[in-house]
Number of protein chains: 2
Amino acid sequence: MDPENRFDEMLKSGNLKSTKHRIAILEVLKGNKIPLSAEDIYIRLKQNNISISLSTVYRVLETLHEKDIVSKVNIPDSNRAVYELHGNEHRHHLLCVKCRKLLAIDGCPLEEYEKLLEDRFGFTVKGHNLEVYGYCNNCAGY
Amino acid sequence: MDPENRFDEMLKSGNLKSTKHRIAILEVLKGNKIPLSAEDIYIRLKQNNISISLSTVYRVLETLHEKDIVSKVNIPDSNRAVYELHGNEHRHHLLCVKCRKLLAIDGCPLEEYEKLLEDRFGFTVKGHNLEVYGYCNNCAGY
DNA sequence: TGTGCAAATGCGAATCATTCCCATTTGGAA
DNA sequence: TTCCAAATGGGAATGATTCGCATTTGCACA
Ligand SMILES: [Zn+2]
Ligand SMILES: [Zn+2]
Ligand SMILES: [Zn+2]
Ligand SMILES: [Zn+2]
């Protein structure tokens, strides 16, 4: 199946209309290993001669995030969010506070912990945000 | 030792001048189990007839955070931060997405995990942000 | 294959937490 | 007490994100 059909299906499964903008945004995300900000995506689309409004980029990302098609990553000590297409894989990132590079970590260390919290606090856990920061191996010596 | 002297020491240990605003902010934080936003603190100070500028509240909180005297908690799906006096204790919180209540969790599940990341990625971990969200026991049935 | 309407989009204005600027005040070392 | 770097006040600026509303478009159904 070609990518566009896969995107159509993803959208349909979320009761979302399949529009060229949504497809285009999904394509940009698919072409990047690194999570992108709304503005990053906006710029890339412009470079591909796709006319779109920045508001629409935000709206689409928000919608896709709600439908759990795209994940939203909050960057520590910043008020920016970045987004990535998750292949059903919940994951986290390492942020280098010096060069600001993001490194994806596969897997999640918190599954057991969430169960523990539910038992201990009678809390129904829906999810969590986790970002780890420090120095990458290039920046380790400061 | 009375609280004010303790605060003086905390500030001195961070090479910070001991000012009435800093002390007042530390006192507000000390009087609250729940983390407070800059504006929360600002309002409480006003109620206590303490004249202060909101900018100063932000600056003081930022400074105390840098010196590791106060911890900064990012609220999921919001661009607000809240702050708390940590008694040397690194901790996390459960956020109820319905009533927006925050519940403190003692301890941290990530110590081992950070070591693992250092080994696996050659990354020097400095810290992490973790917030867990879901429904508290009052809101569990939606 | 055309119609209708809810959903999606464009675009500029608005929001809102936070930061910045710069003139004034203040803590505390000497 | 003097003096200066550090801290503060207050208002403007910032910057990411959201909102309002007019216009367009996908797509279910006839
Ligand atoms: Zn780096
Ligand atoms: Zn996780
Ligand atoms: Zn609740
Ligand atoms: Zn922790």
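Treat the numbers as computed from the prediction; the structure is a model and nothing was measured. Note on naming: letters A, B, ... go to the chains in the order of the sequence lines (proteins, then strands), and numbering restarts at 1 for each one.
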Between D/dT18 atom P and A/E39 atom CD, what is the distance in whole Å?
-> 14 Å
With heavy atoms under 4.0 Å as the rule, sort B/S18 into base, sugar-phosphate or nothing.
-> sugar-phosphate
Note: for A/N79 and A/N15 on DNA chain C, the residue whose nearest nucleotide lies more 5' is A/N15
Among A/L110, A/I105, A/D106, whose side-chain contact (heavy atoms from CB on, under 4.5 Å) with A/C108 holds?
-> A/L110
Can you tell me how far C1' of D/dA7 sits from OH of B/Y58, to the nearest Å?
-> 19 Å
Rounded distance (Å) that lies between atom P of C/dA6 and atom NZ of A/K17 = 10 Å
Separation of D/dG11 atom C1' from B/L54 atom CG, nearest Å, is 12 Å
Quick one: label A/S51 by what it contacts on the DNA or RNA (base, sugar-phosphate, nothing), any heavy atom closer than 4.0 Å.
-> sugar-phosphate
Sugar-phosphate, base or nothing in reach of B/R59, heavy atoms under 4.0 Å = base
Decide yes or no, distance alone: a donor-acceptor N/O pair under 3.5 angstrom between the base of D/dG10 and the side-chain of B/T56.
-> no
Which listed nucleotide (C/dC20, C/dG10, C/dG12) is nearest to the side chain of A/H21?
-> C/dG10
Checking all strands, does B/T19 fall into the base, sugar-phosphate, or nothing category for heavy-atom contacts under 4.0 angstrom?
-> sugar-phosphate
Audit row: B/E131, A/H128, side-chain hydrogen bond (donor to acceptor under 3.5 Å, both in side chains) steps and yes/no = CA-CA 6 Å; B/E131 303 93 31; A/H128 56 260; over 6 Å; no
With a 3.5 Å cut-off and no angle check, do the side chains of A/H90 and A/E111 form a donor-acceptor pair?
-> no
Base D/dG11 to side chain B/S53, donor-acceptor N/O within 3.5 Å cut-off | no
In terms of side-chain heavy atoms of A/R22, which of C/dG10, C/dT9, C/dC11 is nearest?
-> C/dT9
Nearest-Å distance for atom pair CD/C1', residues A/E62 and C/dA8 = 15 Å
side-chain contact (heavy atoms from CB on, under 4.5 Å), paired with A/M10, selected from A/L16, A/L64, A/L85 | A/L85
Check the distance between D/dT25's C1' and A/I23's CD1 and give it to me in whole angstrom.
-> 14 Å
Rounded interatomic separation in angstrom, taking OH from B/Y42 and C1' from D/dG9 = 10 Å
Is the backbone N or O of B/L95 less than 3.5 Å from a side-chain atom of B/R100, with the two atoms forming a donor-acceptor pair by type?
-> no
Between A/L11 (CG) and C/dA7 (C1'), how many Å, whole number?
-> 13 Å
